[in-house]
Each structure stands twice: as structure tokens, then as C-alpha cells.
Q: 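A single structure is presented below for examination.
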Amino acid sequence: ARQCSRLRSSCAMAPSADGAGPVPLNSQTLGSLRIPGPSYDRSKVRPGMVHLGVGGFHRAHQAFYADAILSAGGEDASRWGICGIGLLPQDAAMRDAMAKQDRLYTLWARGGQEDV
């Protein structure tokens with residue numbers, strides 16, 4: 001089970017902008033959600049790193065920082081995409097969940113004074 005992520009935890013639903021209820025998270029619905037999306041052109045991102053497994057810990061840490069690099073821009077930023085590789089049979093479930101979400105995911109970070 002191999003999955004090459006272009007970034008952004010696997011929550012299949014996100015709050016809608018109009019408060020009508022949860023909607024699926026994917027590229028088509030991203031603009032209608034009350035959550036920020038990638039500020040860069042995901043189609044231009046190329047894998048520059050390989051990571052074994054793309055579970056919650058990876059997405060909340062390594063992928064978070066890779067997304068920050070991609071968001072900052074710069075001439076070489078687009079080469080810092082992540083190619084996530086699942087070696088175990090159960091990794092197929094994560095691959096399938098991320099594929100349904102166009103490899104987008106939500107990340108809620110709680111910190112000192114504010115949530116991001």
C-alpha cells in the first residue's frame with residue numbers, strides 16, 4: 001500500500017461555512033469550509049521526502065512542518081512533498097481514507113493562548 005501525499009488527521013467531515021453541518025473534506029468542498037486550506041498549488045508539489053507510515057503522529061508533526069515550508073513558498077519549496085509508504089496490510093485503510101479526501105486532512109493544534 002503506497003500513498004504519495006501532497007499534504008494538508010484524517011477526518012472525513014469538516015464544519016461547513018454556513019453551519020449547516022459536516023461536509024466531506026476534499027478538494028471540491030475545501031473552499032466552502034470554515035477551515036484554512038493549503039495556500040500553495042498542490043499540483044506543483046513533488047515528493048522530496050519518504051516517510052514510512054502516515055498516521056496521526058506523522059501528520060501532526062513532520063507533515064505539519066512540511067506544509068509550513070510549502071506555504072512559505074520560495075523557489076525550492078515545492079520539492080518538499082512527502083511520499084508516505086505503508087508497508088503493512090492495515091495501512092491500506094489509511095491510504096483509502098486519505099485518497100477519498102484528496103490527501104487533505106484537518107489538524108487542530110491546541111496551544112498556550114489560542115487554538116490553531
Q: Taking atom CZ of Arg42 and atom CZ of Arg103, what is their separation to the nearest 0.5 Å?
A: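 CZ of Arg103 is found 9.0 Å from CZ of Arg42.
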
Q: Could you give the distance from CZ (Arg79) to CD1 (Ile69), rounded to the nearest 0.5 Å?
A: 10.0 Å

Q: Using modelled atom types and a 3.5 Å cut-off, is there a donor and acceptor pairing between side-chain atoms of Asp96 and backbone atoms of Ala93?
A: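 Checked: no pair found.
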
Q: Is there side-chain contact between His51 and Ile85, with at least one heavy-atom pair below 4.5 Å?
A: no

Q: What distance separates Lys100 NZ from Arg95 CZ, expressed to the nearest 0.5 Å?
A: 12.5 Å

Q: Residues two or more places apart in sequence or in another chain: which of them pass side-chain hydrogen bond (donor to acceptor under 3.5 Å, both in side chains) with Thr29?
A: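 Asn26.
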
Q: Decide yes or no for Ile35 and Leu25: does some side-chain heavy atom of the first lie under 4.5 Å from some side-chain heavy atom of the second?
A: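 Answer yes - side chains close enough.
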
Q: Roughly how far, to the nearest 0.5 Å, is the CZ atom of Arg59 from the CD1 atom of Ile82?
A: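 Going from CD1 on Ile82 over to CZ on Arg59, the span is 11.0 Å.
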
Q: Would you say Gln90 has more than 12 foreign heavy atoms packed within less than 6.0 Å of its CD?
A: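 For Gln90, atom CD is crowded (more than 12 foreign heavy atoms under 6.0 Å).
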
Q: Determine the minimum heavy-atom distance between Lys44 and Ser78, stating which atoms define it.
A: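 Answer, listing the atom of Lys44 first, then Ser78: O-CB, 3.4 Å.
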
Q: Is it true that Phe57 and His61 have ring centroids separated by less than 6.0 Å?
A: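 Yes: the rings meet the under 6.0 Å criterion.
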
Q: Determine whether Asp67 and Tyr40 make a side-chain contact, defined as any pair of heavy atoms from C-beta on separated by less than 4.5 Å.
A: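 Answer yes - side chains close enough.
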
Q: Could you tell me whether the side chain of Leu70 reaches within less than 4.5 Å of the side chain of Ser39, counting heavy atoms only?
A: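 Heavy-atom side-chain distance check fails, nothing below 4.5 Å.
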
Q: With a 4.5 Å heavy-atom cut-off, do Ser27 and Leu104 have their side chains touching?
A: yes

Q: Do the side chain of Arg46 and the main chain of Ser43 share a donor and acceptor less than 3.5 angstrom apart?
A: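 Indeed, once roles are kept as given, a pair shorter than 3.5 Å links the two residues.
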
